[in-house]
Amino acid sequence: MNQALSNKFVLTTPLYYVNDVPHIGSAYTTMVADAIARWHRLQGKSVLLITGTDEHGQKIQRTAESKGLEPQEHCDRVVEQFKTLWERLNIQYDRFSRTTDPTHQIIVNEFFQRVWDKGDIYLDQQQGWYCVSCEEFKDKRELNDDGTCPLHPNKKAEWRDEENYFFRLSKYQQPLEELYTKNPGFIQPDTRRNEVLNFVKQGLKDFSISRVHLDWGFPIPNDPTHTIYVWFDALLGYVTPLIKAEQEVNLSNALANWLPFNLHLIGKDILRFHAVYWPAMLMSAELPIPERVFGHGFITKDGLKMGKSLGNTLDPFALVDKYGADAVRYYFIKAIELGKDGDFSELRFIEVLNADLANNLGNLLNRTLGMLKKYCQGNCPQLTAADYPETHPLKLIGQQLGDKVIKAYETLQFKYTCEEIFALINAGNKYIDDSAPWSLFKQGKQKEVELILYAVLESVRLSAYLLSPIIPNLSNDIYQQLGFNLDFNNKTQINQSTIFEQHSQWGKLPANSNLGKARPIFAKIELPEDV
Ligand code: MSP
């Protein structure tokens with residue numbers, strides 16, 4: 001890969017359906033994607049995080065009808081909710097892609113034409129069971145006995161018998177198999193990869209990419225009695241926002257800057273679309289194939305599947321209002337292993353936050369800064385890593401931490417990232433307890449006290465830096481208290497490889513004469529009575 005390409009990172013979240021206000025599932029994917037984007041920015045890369053909304057199709061049309069609204073009006077309202085939630089969760093997306101945007105239709109038409117010219121689209125009869133909530137045809141054997149879809153047990157699949165345009169997916173059976181073999185990292189994690197391989201092995205069938213009797217969507221060029229299937233249109237919603245504002249809207253401008261996509265982060269339920277249909281569509285149009293599709297797991301609440309009909313949804317707005325963005329981000333990124341299903345319970349949420357952020361991290365910073373004030377007039381000692389032996393307990397962990405964390409972030413193992421960082425923080429707490437600087441101070445051992453306090457503060461600083469993609473506001477707070485003028489929410493300021501090289505190493509805390517005022521960074525959460 002050439003230098004320019006290896007120095008860019010373009011990633012996407014799914015484009016969320018606007019049939020309802022955002023739920024915790026969409027918030028989860030977006031928080032993780034934001035942490036990944038921030039991590040790459042921290043290293044000085046050019047990053048493009050694309051999120052957005054999927055606004056066409058029967059599901060949205062019906063929802064709008066049920067509310068007595070025009071579909072566009074309905075979409076505009078819900079989109080505002082998504083944007084508001086992303087702001088509250090401190091999501092720094094670079095582009096917000098809306099599939100109802102007029103520029104998108106130009107791209108969809110051009111893409112459709114390419115695939116048409118390839119001979120990969122034909123008209124045929126479609127018969128089958130359609131789940132409107134999934135916007136997908138299902139095999140009879142995939143449905144529950146009562147005809148409902150396993151993902152939407154309160155909605156019956158509907159019988160369809162109509163003429164549709166089809167995409168020749170079957171033609172791409174072999175090229176897809178080659179893709180999976182040549183690039184084993186294309187689908188992650190392995191369990192998801194195996195699911196896809198098994199599905200493809202059974203033989204790929206062409207799928208319909210148009211609908212009749214549906215107005216809410218783009219008409220098929222040359223045959224406006226058909227509307228383009230919502231998924232065909234939605235996947236291309238990743239491409240349209242690649243065009244710069246000042247550029248003419250066409251496919252070649254979209255393709256010029258950023259492709260291939262480095263990562264599509266999605267939930268496991270929409271894996272087939274991203275790992276089978278999408279690469280085949282791209283092959284047909286002769287566009288670059290994404291590097292990686294990562295399918296994460298599902299979140300349950302108190303051990304149960306969430307759902308409106310079950311009355312146990314988890315409102316992301318309420319959660320962020322109550323606990324703040326960093327708390328919510330931290331829990332979902334640290335406590336749930338990306339790729340596996342994970343659970344939310346308010347009790348566990350509070351326990352994790354209190355243990356990690358309030359006690360281990362917050363208290364360590366607070367008490368160390370307090371001692372520094374008392375024993376060193378608040379001045380950071382003039383020390384560097386060279387003043388410590390290689391066997392020093394914090395230097396030992398600290399010097400290896402950068403490499404471990406880089407690897408963990410690259411492989412999207414955030415749980416492990418946090419655990420490694422907290423191993424240093426916990427070692428800092430133990431070290432200060434064991435070495436008891438308060439009694440050394442009484443014995444007049446000033447140099448020893450300084451060595452201890454510097455090592456601990458430096459460990460907190462390094463931890464804050466490496467955690468900044470996950471908890472940017474808390475990292476800002478810590479950095480401020482340590483006398484730095486670096487804002488982790490300022491994309492341009494932190495997006496520099498030279499800063500990364502310095503700050504991701506242990507022992508680089510400069511001798512700032514003026515440390516900020518010590519104040520608790522994360523107040524311990526009291527257990528509410530109903531928890
Ligand atoms: N519109 C399509 C995506 C098109 S991408 C070109 C779509 N939208 S969605 O709003 O229904 O789903 C968005 C994401 O939320 C999916 O990745 C899905 O996996 C995720 N989640 C929905 N419920 C979830 C949980 N309970 N837990 C975690 N994520 C889940 O599909």
Side-chain angles (χ1 to χ4, degrees), residues 11-33 50-60 63 75 78-79 81-82 85-86 95-100 104 107-108 111 131-136 149-152 155 192 195 209 216-217 228-241 261 263-279 281-282 290 293-310 312-316 319 331-333 335-344:
L11 75 161
T12 64
T13 72
L15 305 185
Y16 303 110
Y17 285 130
V18 289
N19 59 311
D20 209 342
V21 291
H23 52 66
I24 198 70
S26 354
Y28 175 55
T29 325
T30 313
M31 288 187 281
V32 175
I50 297 172
T51 188
T53 41
D54 183 358
E55 305 181 18
H56 287 136
Q58 193 131 42
K59 175 157 71 171
I60 310 298
T63 313
C75 294
V78 179
V79 163
Q81 303 262 2
F82 275 92
L85 181 62
W86 300 158
R95 306 279 160 84
F96 194 98
S97 176
R98 293 187 61 178
T99 57
T100 53
H104 183 52
I107 294 300
V108 171
F111 187 93
C131 171
V132 174
S133 296
C134 292
E135 293 281 12
E136 187 180 14
C149 155
L151 295 175
H152 302 99
K155 301 260 170 63
R192 302 275 109 80
E195 268 170 38
I209 55 166
W216 188 234
I228 293 188
Y229 172 41
V230 57
W231 266 102
F232 193 86
D233 153 359
L235 288 160
L236 286 163
Y238 294 144
V239 174
T240 306
F261 290 105
L263 173 67
H264 291 307
L265 184 70
I266 55 164
K268 62 181 181 180
D269 55 329
I270 53 175
L271 191 62
R272 235 179 246 181
F273 293 101
H274 286 81
V276 184
Y277 295 11
W278 179 227
M281 284 164 60
L282 291 168
V293 174
F294 193 103
H296 66 66
F298 260 48
I299 297 165
T300 52
K301 187 168 172 233
D302 302 314
L304 297 171
K305 189 172 181 265
M306 274 180 276
K308 273 201 168 162
S309 51
L310 295 166
N312 69 338
T313 52
L314 178 59
D315 176 9
L319 207 59
Y331 178 81
F332 283 101
I333 295 177
I336 294 168
E337 192 175 334
L338 194 72
K340 300 224 168 108
D341 292 344
D343 192 50
F344 174 93

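Counting convention: from 1, in listed order, for ligands and their atoms alike. Just so you know, these numbers use all the heavy atoms, side chains as well, and skip hydrogens, waters and symmetry mates. Residues: numbered from 1 along the sequence shown.
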Query raised in the report: Tell me, which protein residue and heavy-atom name are nearest atom 27 (N) of ligand 1, and how many Å apart are they?
Result: Ile299 N, 2.9 Å
Report task. Measure the distance from atom 10 (O) of ligand 1 to every protein heavy atom, then report the residue, atom name and distance (to 0.1 Å) of the closest one. Result -> Tyr17 N, 3.1 Å
**Report entry** Backbone of Asp302 reached by a side-chain donor or acceptor of Asp343 within 3.5 Å
**Finding:** yes
Report summary line: If we number the atoms of ligand 1 from 1 as shown, the ones under 4.0 Å from a heavy atom of His296 are 28 (C), 29 (N)
Query raised in the report: Which protein heavy atom lies closest to atom 3 (C) of ligand 1, and at what distance to 0.1 Å?
Result: Leu15 O, 3.2 Å
Query raised in the report: Among protein heavy atoms, which lies nearest atom 25 (C) of ligand 1, and at what distance?
Result: Phe298 CD2, 3.6 Å
Report summary line: Quick note on ligand 1: atoms under 4.0 Å from a heavy atom of Asp54 include exactly 1 (N), 2 (C), 4 (C)
Query - Which residue and heavy atom of the protein sit nearest atom 31 (O) of ligand 1, plus the separation - result: Ile270 CG2, 3.5 Å
Query raised in the report: Taking atom types as modelled and ignoring hydrogens, do the side chains of Thr99 and His104 form a donor-acceptor contact shorter than 3.5 angstrom?
Result: no
Query raised in the report: Under 4.0 Å between a Lys/Arg side-chain N and an Asp/Glu carboxylate O for Arg98 and Asp54?
Result: no
**Report entry** contact_flag Phe273 ligand 1 heavy-atom lt 4.0 Å
**Finding:** no
**Report entry** Taking atom 13 (C) of ligand 1 as the reference point, the nearest protein heavy atom with its distance
**Finding:** Tyr16 CD2, 3.4 Å
